[in-house]
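Encoded as structure tokens, the structure appears first; notes follow it.
Residue numbering restarts at 1 for every chain, and letters A, B, ... go by the order of the sequence lines. The figures here come from the full heavy-atom set of this structure, side chains too, leaving out hydrogens, waters and symmetry mates.
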Amino acid sequence: MGRYIGGRIISMLITFLIIASLTFFLMKLLPGTPFNNQDKLTETQIVQLNDKYGLNDPVPVQYFNYMKNLLSGDLGVSFQQDGREVSTIIGERIGPSAYLGLQSLVVGTIIGLFLGIIAALKHNSFLDYGTMVIAVLGISIPNFVIAGLMQYWFGVKWQLLPVAYWDGFAYTIMPTVAIASIVVATIARFMRTEMLEVLGQDYITTAKAKGLSSTAVVIRHTIRNASIPIITIMGPLVVGLMTGTLVIEQIFVIPGLGEKFVNSILTNDFPIIMGTTLFFSILFIVVILLVDILYGIIDPRIRLAGGKS
Amino acid sequence: MSMKQEKLHDLSDDMFQPAKIDSSENEQIARESTGFWKDAWRRLKKNPGAITGLIIIVAIILLAIFGPGMNEHSYSEQELTRAKLPAKVPVLENIDFLGVNGVDIRGTDQYEAKGYEDEYFWFGTDEFGRDQWTRVWQGTRISLFIAAAAAFIDFVIGVAYGGISAYYGGRVDNILQRIIEVLVGIPNLILIILFILIFEPGIFSIILALSVTGWIGMSRIVRGQVLKLKSQEFVLASRTLGATSGRVIGKHLIPNVLGQIIITTMFTIPSAIFFEAFLSFIGLGLRPPEASLGSIINNGFRSLQIYPHLVLWPSIIISLIMIAFNLLGDGLRDAFDPKLRK
Amino acid sequence: MSSQEKLLEIKNLKQHFKVGKSTVKAVDGLTFDIYKGETFGLVGESGCGKSTTGRTIIRLYDATDGEVRFNGEDVHGKKSAKELKKFNQKMQMIFQDPYASLNPRMTVSDIIAEGIDIHGLATSKKARMDKVVELLETVGLNKEHANRYPHEFSGGQRQRIGIARALAVDPEFIIADEPISALDVSIQAQVVNLMKKLQREKGLTYLFIAHDLSMVKYISDRIGVMYRGQIVELAESEELYRNPLHPYTQSLLSAIPLPDPEYERSRRRKIYDPEKHLPKNGEERILREVMEGHWIACTEEEYQKYQVTV
Amino acid sequence: MKKSRWTLVLSLVLVLSVFLSACGGGSNNGGNSGGEGDGEGGSAEQVLNLVETAEIPSMDTTQATDNTSFKAMNQVFEGLYRLDENNEPTLGMAADEPEEEEKDGETVYTFTIRDDAKWSDGSDVVAGDFIYAWHKALNPDTISPYASMFGTAGIKNGNAIITEGDPLYGKVEELGAKAVDEKTLEITVENQVPYFKSLLTFATFYPQPEGYAEEQGDNFALEADTMLYNGPFVFAEWNHGEGWTYEKNPEYWDAETVNLEKVTTKVVQDTATTVNLYETGKIDRAGLSADFVDQFKDNEEFSTLVDPTMYFMRLNQEREELANKDIRKALYLAYDREGLVNVLLNNGSIAAKYFVPKDFVKGPDGDDFREFAPDGFYADQGEEEAKEAWEAGLEALGTDSVELEFLTTDNELAAKIAEYAKDQFETKLDGLTITINKQPWKQFLELEDSGDFDISTGGWGPDYPDPMTFLYMFETDGEYNRMGYSSEKYDELVSGAKKETDEAKRWKMMQDAEKVLMEEDIAIVPTYQKGNAILKKDYVKNFYVHSFGADSSYKWIKIEK
Amino acid sequence: MEKILEVNNLHVSFDTFAGEVQAVRGVNFHLNKGETLAIVGESGSGKSVTSKAVMRLIPNPPGRIKEGEIKFGDRDLAQLSEKEMQKIRGSEISMIFQDPMTSLNPTMTIGKQIMEGLVKHQNMSKSEAKERAIELLKLVGIPNAEGRVNEFPHQFSGGMRQRVVIAIALACNPRVLIADEPTTALDVTIQAQILELLNDLQEKMGTSIIFITHDLGVVANIADRVAVMYAGKIVETGTVDEIFYNPQHPYTWGLLGSMPSLDSTDEELIAIPGSPPDLLDPPKGDAFAPRNPYAMKIDTEMEPPLFKISDTHYAATWLLHEKAPKVEPPAAIKKRMQGMAPSEPIIGAKDGGKNV
């Protein structure tokens, strides 16, 4: 197991370095430099500013310097937020995104599992279609519309919840609902399929033949086995949610990473682009690894040492 | 043992003559011939959700094709004097609760106020005074076109990539899968901006942008399926007959993965529409006055509280598209699932 | 067993698979010949490598080591597409699972005609259809079946379709990989009878792979018993059943239940314990001919003993 | 005193129209960071809750380039002067008006720093702090994006020091500014400009606490607790990305004038959210985009303000079609500005056929600059004349169809305006096809800068209270010309005006220059002068909005409930 | 002999897209205490459905028990509620399934899987149940039971898994054990072991067994009585000797004839031509008629009743009707009937450890 994880980490590092390099060069393909928007700059000043940040060096030199700094753990400083460390910026932004993401994940997963189970147990019944329509509705309405409507009705009209800001649990409710709607839909549909699959398995018949009650069969034998594959979709989902959604963050004024990331791309804030990209990739790769390890722990059939048996 | 013994004596001797059994009848198949697709279709027909989805999709496609031509307005014709009129539909205008009588949410008949008493705008007009009906359906057309084109490209690349990866396996598979890992890691917004720069904004760039990483999901599905299929005996049989790789892929693998591919496509289309809407939200994308459902919603979104018709109609349509494709996709999944075959 | 002309010669065939870091020796040094016109049975329990042997012979897998000569030519040395095609036409295969072996998306006529299409054996559409109908009739089906899909057929019918597909290219040699084990008894007889009939009519040679010993015995002229990737005993079928020498063969034979209650009441099963059968001093067992046509994997010492008993 | 309304016009922040440089005034009695708790007590608590559309990129006075930063700095720092209610410079760190002394065509101003001018740690603001900051701004290693301000202000060697190749390049000590003693600052001006004092209110001329800044090194001004303040407020909190909070600065020399105890500012990019926050009483002032104007225009708290910011289209005169004056005239006249400002913008913006804004500066005679042509140029001409000109232009070009690319940004409002322009041009001018090229801000600038466009949208806000802040743009090869416009006559008038010391003459020259640009050459198509639609609680008093420099001052705000 | 289970006129149908598939069409049989009844038939004959129907494990929809009774003691299982049925399943009637690879929950230790029934039916505490589980594992011949009780199914070989399945089924000492093709997926040597185990256990515990299979060799080995099913009906039933040595139904002839015996010569096997009928639309008359070389006109018109041959032996073929012509069974069958058939059925002779 240790050896397996070691091997995985090495291949992760390689993937990571390739992502870092490709992103670096792609970024360099974006026209313009970070300093062409500073309206009143003279040509000389732009040259000077570019010099200051080493942007006039040939790209390979810049690449070399960047990678050198990267490997020593230095992500550089932001161009737009003058002089602030990229790592500090990511650090202060990740908190709200991660909190919101995880909360939405938990809420969404619970509801999604519940809906998926109901739909599968009542396969092809009205309840099945109804549940699926609810699940699908969650992803059917653009989430900025959902968010806007919620903000208006719950925040302004009925004044039940705070309109926006990031200031305690009450403030997380609406954004959580808006984000969780996607999770609910994804998980519910996936769970339904898996449940149907498991319900058709022989061991379910064995369990029934033991005389277990339907509830016991569903809880002890079906749900557990149906949930295991969910872990595989959890990986990307976790990363997607943790890294924030631009739209929700903007509408509910949440100082999260999603907004920062999109804006960094649109403002050519190279160090932030690189920093966030690398952060995302690491998070992604690590989460995938964790998911695999978790899978091995939860599903006794999979032994890590030999991969899938 | 139900039949009474005595009754048995009444049978005529003639009945005990040897019967002429046509030996070929032994092999007769009573049921009508059903191919896989016919069978799936039959199952699909019994799924009310999927059929509802299908009907909605067909209806929306028809409206997207014919809707913009159903009145005399064009999607780009501006007339500021009639900006932001609410919806007004002949006949239905008399039914108050439908809210299509030209009266805005503050109770003013805008048509009267702006001097357009004799005109009807079925979905109202936007801030430029353009007919919202025409624009919404034009937008639907563009959204669907973008989604369909993106789905098509995803299909082509995804199927080829996943197919090759799984079919050749081993080292090839390994390398191709690593490439995907890297691709997933690169933020595609950077790539999208690059496309928009290189090709200028517009439908083409968006389609390309959507396709940059969109095909990965498809390729994963296809890869998984092909991996499963390629060791199936009918594939081996074909190989022992000397079939070329092309033939094995084209005749055996693809047709069997097709069900999965179609299902995946059903889910690609709505997500492409959504991604396009996201691009509109961050301001990237189409070249005005071209509009997609996403950009129309995004434009109208801020007037939600005062001109709800600007966001209501396109939202309903985009939601219907999503629901319909998802229902149909789920339905197809059930219909194609061989485990449910009897 | 008509002539003694060797159609297929297998020498020291090995097939090793890499599973993660370990290697599975599915086939580990097989040597045997198959004569023209005979049926060679290969039996053994699941996982003994018999199916792998069949698939390796027909080149579905590239052999790790060893030689397969077909009509004197080295099958695995062939390279050019043309030669391979010719080889594919001569050697065919019938598969185990009647459900998995037919492409569910193709009509029966397309399935059967696949070989015809690949090898260009029909000049026109009509000729192709005629050939398909002929093949369908050969296997006891008829032309109404041509446009139907596999799932509409019963297991036996499907297996016959599989046979028709193999016959379409007029092969000389057919590897039947457990062709009847997934079928019902009554249907097994149909297929076996059909295979026998075809052998008679077309002079086919079979490699019949199975785990059902009674059926193998019935159909085969000679039988090889496989155990853990190797042949432990090889003899003419009557001889093998009458006089099984290897303890593993004996255990296999004694385990088969027969449709005869009397016999069943008296049957005693012999148990084969490989641990107890380990050769002393680690000597490898080599296949040796203890009497004419009866080979057995044994050590030198055992060989002497067998010769005495025989 | 360059300040950028550019960023206002087409902001970094994409999605939401930056158009509203929203800030809000007023307070309620809740007073916590969320600004909750309306209607709690009797006497008005002096707390104001505001929103901004962008976070503060920099609090280093030499590094900031954007509106938000300048606005924030105006509340926590102070230069020799600060802008008052009427946009006039009023004494800040300077104790008195300076002594002036003419010498060899140069003017030496001697400022005395107030005795009670203190940094927030209680230390004195000294003359050296100004010199320290100014040198930093000019030093090539730490060059300020606004370094050219020194030249603009006419300060000796200000331009030379930042001009590569100049013998004085990089020699910051050659700048015409000296700390004579702790409290005496001497500024030498080589080229007097009337707006000199106004410029000194600008952030680039603020002091920095030399000792403290050196001590903090790279961390200086990165966080609320790594800087010192000398303005009316200090940062109590600065949560990057989320917002910041001001508190009254007890060390401020004029602290008794300052009423507000606390100002909270949150970064809100979505206008709908801003409006909702306003409606629920969480904020006291909100900028509105056009979408919301209809909703609130009858509201008592609604008002519009006109800015001296101009929007116009650059016509790339290196293109054959646009080099033709008739074509340009047709474009100039075809555009219905009334529809734009009344329906699409709907926020008090004024349809403009001129380039130097109204109500911006008054001439020596006390009249507004615009008085000489109050309605702009070709004011009485319209669609018909446009068509005539178009025909003439087409004839000259020998074609009957013209295709032009309209470059704009992905900003929602900019896109809308482009869409409107396309329709206006295409429906009124036969044979014209407009293709809209919508690009992200950075790429827009890149394309515009490299002349890769036919028509592009632009906006310009003043950096100092003088028409020159507009007119200098279109000098031949000017940094912001960007459209290949070149007129000897115009160049002569502009450079003449720059040197002219007689105010009346200078004024006339500038008016002539505008006339050349607009009437003779029709070099650009002006569209409108920017208005702002604002919601403000009426208990917020004395919220001063400035027409140049920092957007607004909170120093005098009072909550009266 | 005490009848422990009696099935009367059982009809089971499945509603499919194509229509109603009548999988079981009026099945009658009974099970005596302590005996093994083998139900033989090819796939699709309804033997598995019958057994699942007894357990009331037919998934509904699409399946349903249309009519008939399943008498277990004085109860009619067909009428019991799901709750009542749950009390019977696993405690009084248990079931073993065909594929040991899929019939165990892959994510639950085998110990827990055995314990579930014990806890449910015998109100055992966890520790008691675990002890009993270990005992059961020992009983079914799993070495090192104490250690293996905590292992997962994938850690067991196929044969061992089937032993575990048997242990689960026998946990509560059921009166009836239904074994649905329990050895079909296993190799011969493993099959032999499992059969021996079942025989042993039956002796020890006195369980009555319904053994479903298509392998006549297995039937000969394990059964006391045999019911031959075809197209959803029982076509012949009798003691094992009656069926093997005096078969009367042409379908039984076909089944027996299609198996080569080890001493058979090169003669052709008796193949039953064609395929079983489609139960979506069962043919009129005798369902076997189209494949029956001895078919008579009446076969295409009327379903044959069960003709009694002896007290224990019945067959549903018109050939047994008094007016039917006497037909010669195929040679191999004749050989069985003449040469091997003992004059007397030897039911009691089962005792005395015939197998190792």
Side-chain angles (χ1 to χ4, degrees), chain A residues 113 117 119-129 191 194-232 293-309, chain E residues 48 51-52 54-59 61-62 82-110 112-122 150-155 161 164-165 168-169 171-172 174 177-180 185:
Chain A
L113 287 177
I117 291 166
L121 293 179
K122 303 284 169 196
H123 186 45
N124 280 339
S125 73
F126 174 75
L127 212 57
D128 182 10
Y129 303 126
M191 189 64 184
E194 288 301 326
M195 282 285 290
L196 288 178
E197 166 105 29
V198 170
L199 281 172
Q201 296 288 322
D202 290 348
Y203 58 79
I204 296 301
T205 321
T206 309
K208 285 185 188 158
K210 269 184 240 178
L212 298 185
S213 66
S214 325
T215 330
V217 170
V218 168
I219 291 175
R220 260 184 274 170
H221 294 274
T222 318
I223 293 180
R224 184 186 163 97
N225 285 296
S227 324
I228 289 174
I230 298 249
I231 296 169
T232 49
I293 294 173
L294 198 65
Y295 211 110
I297 293 169
I298 292 181
D299 190 340
R301 283 167 295 185
I302 293 166
R303 257 167 283 148
L304 272 178
K308 296 190 180 177
S309 63
Chain E
S48 265
S51 67
K52 286 215 175 82
V54 170
M55 285 292 271
R56 293 271 307 276
L57 283 175
I58 306 279
E82 174 62 22
K83 269 255 144 59
E84 292 168 309
M85 207 49 224
Q86 281 166 7
K87 283 188 199 134
I88 291 176
R89 285 189 207 128
S91 74
E92 300 191 66
I93 308 180
S94 288
M95 196 160 178
I96 310 173
F97 300 92
Q98 175 174 355
D99 189 351
M101 308 311 272
T102 58
S103 52
L104 289 172
N105 184 343
T107 59
M108 196 184 263
T109 61
I110 57 151
K112 278 201 180 130
Q113 296 191 50
I114 299 172
M115 284 154 61
E116 270 187 326
L118 294 167
V119 172
K120 159 103 191 178
H121 297 297
Q122 307 200 332
N150 291 324
E151 289 185 2
F152 289 94
H154 70 270
Q155 291 163 296
R161 282 195 216 188
V164 173
V165 173
I168 291 175
C172 304
L177 175 67
I178 301 174
D180 186 358

Return the option, out of [options], with the maximum number of heavy-atom pairs under 4.5 Å with chain A.
{"options": "E:Leu104, E:Asn105, E:Thr109", "answer": "E:Asn105"}
{"options": "E:Ser103, E:Cys172, E:Pro174", "answer": "E:Ser103"}
{"options": "E:Glu151, E:Met55, E:Met108, E:Met85", "answer": "E:Met108"}

Proximity breakdown for [X] and chain A, heavy-atom pairs closer than 4.5 Å:
{"X": "E:Ile168", "answer": "side chain"}
{"X": "E:Lys112", "answer": "neither"}
{"X": "E:Gln113", "answer": "both"}

May I ask you to decide if [Y]'s main-chain N or O and [X]'s side chain share a donor-acceptor pair within less than 3.5 Å?
{"X": "E:Arg56", "Y": "E:Arg89", "answer": "no"}
{"X": "E:Ser91", "Y": "E:Gln122", "answer": "no"}
{"X": "E:His121", "Y": "E:Glu92", "answer": "no"}

Euclidean distance, A:Lys210 NZ relative to A:Arg220 CZ, rounded to 0.5 Å: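 So the CZ of A:Arg220 and the NZ of A:Lys210 are separated by 8.0 Å.
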Set of residues satisfying side chain to side chain donor-acceptor pair (under 3.5 Å) with respect to E:Asp180, sequence neighbours excluded: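 Applying side chain to side chain donor-acceptor pair (under 3.5 Å) to E:Asp180 gives E:Ser48.
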